[in-house]
Every structure is written in structure tokens, then in C-alpha cells.
Asks: 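Here it is: the structure, laid out below.
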Amino acid sequence: MDPRSLTPALRALRLCLHLLMAGLLVLAAVRADSVAGTVLAGVTGAVYAAGSFLPSVRSSQRAAAVWLAVLGASWLALLCLTPEALWVAFPLYFLQLHLLPVRRSVPAVALTAVAAILSYVGHGAPLNPGVFIGPLLGAAVAVATVLGYQALYRESERRRRLIEELIATRAELAAAERHAGTLAERERLAREIHDTLAQGLSSIQLLLRAAERALPPDSPAAGHIDGARRAAQDNLAEARRFVRALTPPDLEHGSLAAALERLCEPRTGAGAHRPGAGPRVRFSVSGTPVELPTPYEVALLRIAQSALANTVRHAAAARAEITLSFMDASVTLDVVDDGAGFDPGGVRPSSDGGFGLPAMRSRAESLGGTFTVESAPGQGTAVAVSLPLPAGA
């Protein structure tokens, strides 16, 4: 293990292992009856110290196995000279379990325990249960401790990776939500632009076309009107590219019913699009009006504006009627005209970027409502939107 990656607790355990090995080798050297035993204790300590400082021992299992083999050989030689060397078996257990894979470390620990027992018996020590229990119990404790730690370490690493994945996933979800919110806001602003600026500029174009037809061919004002119409057309195309927050001004100084009634007036509503030729629009309220949330009022007003704009531009209707109905659990808006009608199944998005029916449907469904269109060629058009009333309304 790289010493730089050790935690303070693991550093302390590593230091304790070094001190334990040094203390046991010193004990073996002191208790040895020969110079050879002292020299072998020193050689074993030197081999152990060399392996502790070699990076290859920590990074390569093959190098670790070679080092453990050399360390084990010197320990066995020392074990032949003094029975006190058997205590070195305990730090060897932890080294073998830490540096070797489980399939090799457990047999190595078992052989080390057997060697310790045999050396103790070989030096003529009296047989007793402690001769066998001590090394075997130490080996069992070492195996349980190291394997248990490794299992906890793997679980900790698995949880750490899981936490990192959760953090990364949360960041991705937050980015996706921001992106979705941005797209939703852009769609909302696009509908607002279509139903306000775009419709107003479209009305200006229609008025200028009517003025052009009313002027004599040689009128000096014809060029100016044509330039104004072209400027309105260019600004209409540019307005559909803008993304700005718009507030429905018709709702700032009155109720939804008042705003819809003003929409039906000739100078501010449908008749303003085509003076003298626009449909006669009538507004009525059914049921007991209740206070609606602002998103409901904005949606119903914008749907009415867009439906009337479609009636003026495409239906060639003589009459149109807007009905706002308050019922027990819902509020509905109906826009009906007697115009040319169309096939609802064959509607496609307009080439000039208009939103029309898809925008009206999206507004209604975003508030949990329904949007329906009933029409047929030559039979007029009926647009109906129904929104569920919120609790307490």
C-alpha cells in the first residue's frame, strides 16, 4: 500500500507492526545462545527493513512474494537456532495476509503456524496445549482481522464510488432540469410573442394592405405605405426570434371577463384587424364568475386572442362568439365562428413560425385542461378549452 494513501489509523497500525517485528527480533537475538543466532536475527531485520522501503514490494504481488520468501527463509534459519524466533510468526501472519492474495496468504499463514509449532517442539520444549493453541489462535485472529478489514475496505470503496455516482447523477439531473426549464420558458415566451407582438404586426400588415387597395394607383403615398408594410413584415419575422418576458397588459386593470369583452370591441379586438370587413364578435358569460389564478386568466385570454386572430386571418367569418362558462368544477372558454372552416387533422405548423393551435393546446394541457377543435370545410369552427377549477376557487 502506498504510504501516501494511508489514513492516520493505518499509519499507526503500520508503525506498530514495525515496532513489533523489531522488538521480537531483538528478543530472539538476545536469547540466542550463539553469534550465528544474533547475526541471523540482524539479517532477518535487514531483509524486513529493505522490503518496507522498496516500492516494488507494495506495487507488485510478484515482488512481494519474493520478498516474503526471502524473509521466511531467514526466519526459518533463525528458528532453527533459537525457539524464541517463533514469536516472529505473528507479524509474519499480517504481512502474508496483506501482501498476498487470499488463495495464497491463508496457506502461507497455516505453514508459518506449523513451522512455529514444529520449531518449538524440535528444541525439546515440553508439550502442552499452549504450544499448539498459541500459534494457531494467533493465525486465526490474524486471518479474521485482515480479511474482515479488507471486506470493510471494499464495502467502503463501493459506497464511496456509489456516492460519487449519486453526486454526478444529481448534477446531471440538475443540469437536465435547468435545460428543461429553459426550453419550457422559451416555449412560453415564444407563445407570448406570437399572441401579442406577432399578431399586432400581422394586423398592421393587413391594415396597410387595405390602405394600399384604397389608394389610387398614382398616389404619392403608395410608396410610403408599401415601405411601412415591408418594415412591419420584417419586424414580424424578427419578433418571432425574440425571447423576452411579457406581461399580459389586458389583465392588469380588470378581470378576465372585462379583458375578453374588450377583445370583442371593434377598435381593439377582431374588428381592428380588418376595418369594415371583420366579423362581428359577441361575448357572454355563463354561470357565477369566480376568481381564477393568474396562469388560468393568462391562458384563457391568450387562447381567445389566438383563436380570434385565426378567425380574422383564415376563416372569412361574418360572426364569432366568445363564451366564458363557470361550472362547479371547471371553467370553459368557447370561441365559435361561421367561417370557412378547415380539416383539423390536416393542420401543419405554418411556414412563418406561427404557433396557433399547437400553442393553444399546450397552454391548456400545461394547466391540466383539455383543448378541442371542431371544424369542417364550409361549416365554421368551434374552439373549446376546459380547465379544472383549483381547490377553493
Asks: Under a 4.5 Å side-chain heavy-atom rule over Ile, Leu, Val, Met, Phe, Trp and Tyr, are Tyr153 and Ile163 clustered together?
Replies: no
Asks: Start with the C-alpha distance between Arg154 and Glu157, add both sets of side-chain angles, then the distance that settles salt bridge (charged side-chain N to carboxylate O under 4.0 Å, His left out), and finish with yes or no.
Replies: CA-CA 5 Å; Arg154 288 193 297 270; Glu157 283 296 298; over 6 Å; no
Asks: For the residue pair Val285 and Ala257, what are the closest heavy atoms and their distance?
Replies: CG2-CB, 4.1 Å
Asks: Under the 3.5 angstrom rule, does the side chain of Trp87 hit a backbone N or O of Met21 as a donor-acceptor pair?
Replies: no
Asks: Measuring from atom OG1 of Thr44 to atom CG of Leu40, what distance do you get when rounded to the nearest 0.5 angstrom?
Replies: 6.0 Å
Asks: Would Val385 and Thr370 count as a side chain to side chain contact (heavy atoms under 4.5 Å, CB included) if you check the C-alpha gap in whole Å, the side-chain angles of each, and the deciding distance to 0.1 Å?
Replies: CA-CA 6 Å; Val385 58; Thr370 59; over 6 Å; no
Asks: Does Val290 belong to the same Ile/Leu/Val/Met/Phe/Trp/Tyr cluster as Leu300, with side-chain heavy atoms less than 4.5 Å apart forming each link?
Replies: yes
Asks: List the steps, then state whether side chain to side chain contact (heavy atoms under 4.5 Å, CB included) holds for Leu92 with Trp75.
Replies: CA-CA 10 Å; Leu92 285 177; Trp75 172 69; 3.6 Å; yes
Asks: Hey, quick one: are Leu111 and Phe94 part of the same hydrophobic cluster, counting side-chain heavy atoms closer than 4.5 Å, chains of contacts allowed?
Replies: no
Asks: Under 3.5 Å, side chain of Thr381 to main-chain N/O of Asp337, donor-acceptor pair present?
Replies: no
Asks: Taking a hydrophobic cluster as the set of Ile, Leu, Val, Met, Phe, Trp and Tyr residues connected by side-chain heavy atoms closer than 4.5 Å, whether directly or through intermediates, do Met327 and Leu333 fall within one such cluster?
Replies: no
Asks: With the threshold set at 4.0 Å, does a side-chain nitrogen-carboxylate oxygen contact exist between Glu164 and Arg161?
Replies: no
Asks: Which heavy atom of Leu387 sits nearest to which heavy atom of Gly369, and what is that distance?
Replies: CD2-CA, 3.8 Å
Asks: Can you confirm whether Arg160 is buried at CZ, in the sense that more than 12 heavy atoms of other residues, nucleotides or ligands lie under 6.0 Å from that atom?
Replies: yes
Asks: Within the distance-only criterion (no hydrogens, no angle test), does the side chain of Asp338 pair as donor or acceptor with the backbone N or O of Arg319 below 3.5 angstrom?
Replies: yes
Asks: For the residue pair Thr332 / Ser386, report whether a side-chain donor-acceptor contact shorter than 3.5 Å exists.
Replies: no
Asks: Has the side chain of Thr323 got a donor or acceptor atom that lies under 3.5 Å from a matching backbone atom of Ser284?
Replies: no
Asks: For the side chain of Ser105 and the backbone of Pro101, is there at least one donor-acceptor N/O pair under 3.5 Å apart?
Replies: yes
Asks: Quick check: closest heavy atoms across Asp328 and Leu389, and the distance to 0.1 Å?
Replies: O-CD1, 3.8 Å
Asks: Roughly how far, to the nearest 0.5 Å, is CG of Leu367 from CZ of Arg363?
Replies: 9.0 Å
Asks: Ignoring hydrogens and angles, tell me if any N or O in the side chain of Ser156 forms a donor-acceptor pair with the backbone of Leu152 under 3.5 Å.
Replies: no
Asks: Spell out, as yes or no, whether a donor-acceptor pair under 3.5 Å connects the side chain of Ser74 to the backbone of Leu71.
Replies: yes
Asks: Measuring from atom CZ of Phe283 to atom CD of Glu261, what distance do you get when rounded to the nearest 0.5 angstrom?
Replies: 6.5 Å
Asks: Evaluate side chain to side chain contact (heavy atoms under 4.5 Å, CB included) for Phe371 paired with Val383, printing each intermediate quantity in order.
Replies: CA-CA 8 Å; Phe371 177 82; Val383 173; 3.4 Å; yes
Asks: Please report the C-alpha distance between Gln96 and Thr112 in whole Å, then the side-chain angles of each, then the deciding distance to 0.1 Å, and finally whether the side-chain hydrogen bond (donor to acceptor under 3.5 Å, both in side chains) criterion is met.
Replies: CA-CA 10 Å; Gln96 292 163 347; Thr112 301; 2.9 Å; yes
Asks: In Å and rounded to the nearest 0.5 Å, what is the CD1 to CD1 distance from Ile322 to Ile303?
Replies: 11.5 Å
Asks: Treat each ILVMFWY residue as a node, draw an edge where side-chain heavy atoms are under 4.5 Å apart, and state whether Val373 and Val336 are in one component.
Replies: no
Asks: Between Thr311 (side chain) and Ala307 (backbone), is there a donor-acceptor pair under 3.5 Å?
Replies: yes
Asks: Within this structure, what is the CG-CG distance for the pair Leu99 and Leu68, rounded to the nearest 0.5 Å?
Replies: 5.5 Å
Asks: For Val141 and Phe90: C-alpha separation, side-chain torsions, deciding distance, then whether side chain to side chain contact (heavy atoms under 4.5 Å, CB included) applies.
Replies: CA-CA 10 Å; Val141 171; Phe90 292 100; over 6 Å; no
Asks: Between Gly51 and Trp67, which heavy-atom pair has the shortest distance, and what is it?
Replies: CA-NE1, 3.1 Å
Asks: Can you tell me how far the CG atom of Leu81 sits from the CG atom of Leu76, to the nearest 0.5 Å?
Replies: 11.5 Å
